[in-house]
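Just so you know, these numbers come straight off a predicted model, no measurement behind them. When a ligand or atom number is given, it counts from 1 through the structure's own listing order.
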Amino acid sequence: MGKVTSVLDDGEISRILVVMAHPDDVDFGAAGTVAGWTDRGVEVVYLMVTDGDAGGFDDGITRAEMAQLRRDEQRAAAKAVGVTDVRFLGYPDGRVAATFELRRDISRVIRQVRPDRVLMPSPERNYERIYPSHPDHRAVGSAALDAVYPDARNPYAHPELLVEDGLAAWTAREVWLTGGPSVNHTVDITDHYDRKLAALKSHRTQTAHMPEGQLETMLRGFLGANAAAAGLPEGRLAEAFQVVNTA
Ligand SMILES: [Zn+2]
């Protein structure tokens with residue numbers, strides 16, 4: 001589904017790595033698409049850069065307890081769309097920068113997982129909608145894209161990955177960006193909407209405070225707008241991406 005012809009066929013894909021800043025980012029932006037991938041037998045691994053310890057609305061718990069809670073919520077949300085391998089880097093929420101160390105830490109996981117495709121936030125600011133352009137998202141997108149090219153594929157980048165961890169260079173052929181200003185590919189997720197909703201509801205610290213129906217109204221609004229922009233029939237729901245060929 002979509003306008004771009006250079007997107008790899010899911011049949012050519014064995015493994016996909018999803019790199020996100022916070023627990024719940026993948027579920028707002030891409031959980032319906034992930035459900036479609038896992039249904040087709042693609043192995044999907046999640047890597048969360050922070051624990052989302054600066055999020056939530058409950059002042060009655062410590063930030064360390066919040067971090068633990070949000071890891072558990074993300075594992076439950078992953079399960080709802082067929083993902084069981086969820087990893088965390090433990091960077092502090094709200095203070096992520098695209099440092100050389102973050103590029104190395106993401107490169108390490110790329111070399112461990114050896115994905116064909118990597119899904120990440122867009123490093124570009126979106127002036128149409130401000131929420132996807134959280135500074136942590138842009139920093140993670142920038143570091144993850146640099147990890148895909150050149151770091152993970154260059155055996156001489158971060159030499160400790162090869163020397164100490166025994167991880168050979170790896171080229172991920174395709175990147176999918178979410179939340180950015182330039183959409184060139186949409187995925188019809190109407191049939192996976194219920195599982196996306198279940199994934200989002202797993203993030204109780206983020207969604208349980210919403211009045212009944214508000215989350216669904218918001219979701220159907222932006223997913224419906226994505227579908228309409230892609231020329232899909234009335235009533236369809238879609239997630240939107242910018243696909244980048246990195247081979
Ligand atoms: Zn986020």
Side-chain angles (χ1 to χ4, degrees), residues 16-34 44-58 61 63-78 80-81 83 86-99 102-103 105-106 109 118-147 175-183 189 196-210 214-215 218-219 221-223 226 239-242:
I16 296 172
L17 177 65
V18 176
V19 185
M20 291 287 155
H22 312 115
D24 85 15
D25 290 347
V26 63
D27 298 302
F28 275 107
T33 299
V34 170
V44 178
V45 176
Y46 284 176
L47 177 66
M48 301 295 145
V49 170
T50 80
D51 297 332
D53 48 291
F57 298 88
D58 184 353
I61 63 172
R63 291 295 99 186
E65 287 167 337
M66 178 60 81
Q68 187 56 50
L69 206 52
R70 296 206 66 189
R71 285 187 181 216
D72 292 344
E73 289 176 346
Q74 184 61 78
R75 289 192 191 95
V81 293
V83 177
V86 184
R87 308 179 189 193
F88 297 87
L89 291 179
Y91 278 65
D93 184 6
R95 285 183 278 153
V96 182
T99 60
L102 179 57
R103 283 165 52 183
D105 290 344
I106 296 171
V109 178
V118 183
L119 169 68
M120 63 184 69
S122 173
E124 275 190 88
R125 187 180 279 281
N126 184 345
Y127 289 103
E128 299 295 320
R129 282 178 58 235
I130 201 162
Y131 293 113
S133 297
H134 187 289
D136 286 357
H137 298 181
R138 287 183 287 126
V140 166
S142 181
L145 201 47
D146 289 344
V175 162
W176 288 34
L177 304 173
T178 175
S182 311
V183 168
I189 60 122
K196 179 184 176 82
L197 184 62
L200 280 163
K201 284 185 168 172
S202 304
H203 296 282
R204 292 192 49 77
T205 57
Q206 308 305 299
T207 57
H209 66 285
M210 293 174 130
Q214 186 187 322
L215 177 64
M218 181 185 85
L219 283 177
F222 81 78
L223 298 171
N226 288 340
E239 290 170 341
F241 304 94
Q242 181 178 9

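When distances to the Zn ion (ligand 1) are checked against a cut-off of 2.8 Å, His137 contributes an N, O or S atom below that limit. Within the 2.8 Å limit, Asp136 places no N, O or S atom next to the Zn ion (ligand 1).
The side-chain contact (heavy atoms from CB on, under 4.5 Å) test applied to Ala240 returns Val183, Thr186, Asn226, not counting sequence neighbours. Residues satisfying the side chain to side chain donor-acceptor pair (under 3.5 Å) criterion with Thr33, sequence neighbours excluded, are Glu239.
For the salt bridge (Lys or Arg N to Asp or Glu O under 4.0 Å) with Asp51, the lone residue among Arg75, Arg70, Arg71 that qualifies is Arg71.
The minimum distance between the Zn ion (ligand 1) and any N, O or S atom of His22 involves atom ND1. In terms of distance to the Zn ion (ligand 1), the nearest N, O or S atom of Asp25 is named OD1.
Salt bridge annotation for Asp53-Arg63: absent, with no cationic side-chain nitrogen under 4.0 angstrom from a carboxylate oxygen.
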